[in-house]
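Notes follow the structure.
Keep in mind the model is a prediction, meaning the values are calculated, not measured. Chain letters run A, B, ... following the sequence lines, proteins first, then strands; residues in each count from 1. Below, all heavy atoms of this structure are taken into account, side chains as well, without hydrogens, waters or symmetry copies.
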Protein chains: 2
Amino acid sequence: MSQIPLARRSPVPPDTCNLAKAIDLIGDRWTLLILRAALYGVRRFDDFQSELGCPRTVLSGRLKKLVDAGLLTKKAYKAPGKRARPEYVLSATGLSLRPILIGLTQWGDAWLGQGEAPPISFTKAGSKSAIRAAFVDVEGREVRPDQIRPVLRG
Amino acid sequence: MSQIPLARRSPVPPDTCNLAKAIDLIGDRWTLLILRAALYGVRRFDDFQSELGCPRTVLSGRLKKLVDAGLLTKKAYKAPGKRARPEYVLSATGLSLRPILIGLTQWGDAWLGQGEAPPISFTKAGSKSAIRAAFVDVEGREVRPDQIRPVLRG
DNA sequence: TGTATAGGTTCGCATTCTAAATCCAGATCA
DNA sequence: TGATCTGGATTTAGAATGCGAACCTATACA
């Protein structure tokens, strides 16, 4: 069990760390649940609302924040015979959160699932065996967690 | 750009999904910042407090929650000439969040960093080239994002 | 003309967060 | 023996954010 050595401070203070910025942006319950739904293809206000069960005011505010931050793109769609409505689609920025949310799903399956089989898992197209979130080097080969070393800039 | 098809609902409702459980547990600003600090080796109440600048009441509550959930282990330490104090050390459960937080750090570097070089990066021990969060198959080979397929149980 | 529908906003109340002061137990020191 | 210090945590009161329900708006259709 690779014990992390005692430190009085993080090597990078929270206010210059991009992790802290990311946490400020998406580190709350409703925002994360919105992104989860978006990654499964939910795009419309009322669909988000009925899936999450969150107050419409909160949903409206969070969607606006995500659009402003560039994670979601607001575009109009028009069902025939209906008026045009906005639709919230993940941008490249938002899509690239997928490994993180899948990783967190699998972490939840492993540690919070109470021994139940996970309700959803992920495979490589055309294969039946599961995939998992991990670290890879430039050549795409896995790097084990105990092989990871932080490097400070400068 | 692999556009995700429209869905009215997620395939797994949030209340049976372990991602939602994970979000309930660690999906808030202070908890995530605590875990970040813990992964860098911070262990003591006042060290967390001075690093995060969060209200002591919040810190106290969050630490308790994380201990109850088994992400942190509370053990005593004793500096010579001082009385014994509790220390909050990551358990295996907590440690296994590392790939997720590093992944989120790199996501922030890529999309929120405003063109600056990231203040911290990660390499494989004994190597100089950077590693990144990704998906791998059972043999540890990278699976590209567009090759990922969700599979429902049952 | 009226009604239905999707996407919001407005409103009043409840919960949670925040900051500062306080408490507490045990070493150390006079 | 008592006074003091110190790290860990609780109390309290005000601010921010959350919540749910009702309401508003623009188009399509009957």
Side-chain angles (χ1 to χ4, degrees), chain A residues 6-9 14-15 20 23-35 37-38 41-69 72-90, chain B residues 6-9 14-15 20 23-35 37-38 41-69 72-90:
Chain A
L6 172 66
R8 313 300 305 272
R9 280 278 184 175
D15 52 312
I23 288 172
D24 274 348
L25 181 58
I26 66 167
D28 78 281
R29 180 174 147 74
W30 292 125
T31 301
L32 286 167
L33 289 172
I34 288 169
L35 290 170
V42 176
R43 293 185 200 165
R44 300 176 187 179
F45 191 94
D46 274 18
D47 291 342
F48 282 113
Q49 208 276 320
S50 67
E51 162 131 351
L52 306 190
C54 82
R56 302 168 78 76
T57 74
V58 172
L59 179 57
S60 159
R62 294 294 198 282
L63 289 174
K64 202 166 292 175
K65 189 176 168 189
L66 289 173
V67 169
D68 288 349
L72 293 178
T73 309
K74 190 174 180 174
K75 47 179 73 163
Y77 75 93
K78 188 163 179 340
K82 299 288 176 70
R83 63 188 262 234
R85 298 282 179 189
E87 199 175 44
Y88 300 90
V89 183
L90 285 167
Chain B
L6 173 66
R8 312 301 306 270
R9 280 278 185 176
D15 52 311
I23 289 173
D24 274 349
L25 181 58
I26 66 167
D28 78 282
R29 179 174 149 71
W30 292 125
T31 301
L32 287 167
L33 289 173
I34 288 169
L35 290 170
V42 177
R43 293 185 200 166
R44 299 175 187 179
F45 191 92
D46 274 19
D47 291 342
F48 281 114
Q49 208 276 322
S50 67
E51 162 130 352
L52 305 189
C54 82
R56 302 169 78 75
T57 93
V58 172
L59 179 56
S60 160
R62 295 295 198 283
L63 288 174
K64 201 167 291 174
K65 190 176 168 190
L66 289 172
V67 169
D68 288 349
L72 293 178
T73 310
K74 190 174 179 175
K75 47 180 73 163
Y77 75 92
K78 187 161 178 343
K82 300 287 177 69
R83 62 188 263 237
R85 298 284 178 187
E87 198 174 45
Y88 300 89
V89 183
L90 286 168

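For B/Arg56 and D/dA9, a side-chain-to-base donor-acceptor distance below 3.5 Å is present, hydrogens and geometry of angles not being considered. Judged by atom type and distance alone, A/Arg44 does not reach the base of C/dG7 through any side-chain donor-acceptor pair under 3.5 Å.
One finds no side-chain N or O of A/Tyr88 lying less than 4.0 angstrom from the OP1 or OP2 phosphate oxygen of C/dA6. At D/dT10, one or more side-chain N or O atoms of B/Ser60 fall inside 4.0 Å of OP1 or OP2 (strictly under the cut-off).
Atom pair B/Gln49:CD and D/dT6:C1' shows a separation of 14 Å (rounding to whole Å applied). For the pair B/Leu59 CG and D/dG7 P, the computed distance is 15 Å after rounding to whole Å. If you take CG of B/Leu72 and C1' of D/dG8, they are 16 Å apart, rounded to a whole angstrom. When the P atom of D/dT10 is taken as reference, atom NZ of B/Lys64 falls 4 Å away, rounded to whole Å. Going from atom CG of A/Asp28 over to atom P of D/dA16 covers 18 Å, rounded to whole Å. Computed from coordinates, the A/Arg83 CZ to C/dT3 P distance equals 19 Å when rounded to whole Å. Remark: P of D/dT25 and CZ of A/Phe45 are 17 Å apart, rounded to the nearest angstrom.
Along DNA chain C, the nucleotide nearest B/Lys82 and the nucleotide nearest A/Arg85 are compared for position; the residue whose nucleotide lies closer to the 5' end is A/Arg85. Taking the nucleotide of DNA chain D with the nearest heavy atom to each of B/Leu63 and A/Ala84, the more 5' of the two is matched to B/Leu63.
Using a 4.0 Å heavy-atom criterion, one finds that B/Arg29 contacts no nucleic acid atom at all. At the heavy-atom level, A/Phe48 lies nowhere under 4.0 Å from the strands shown.
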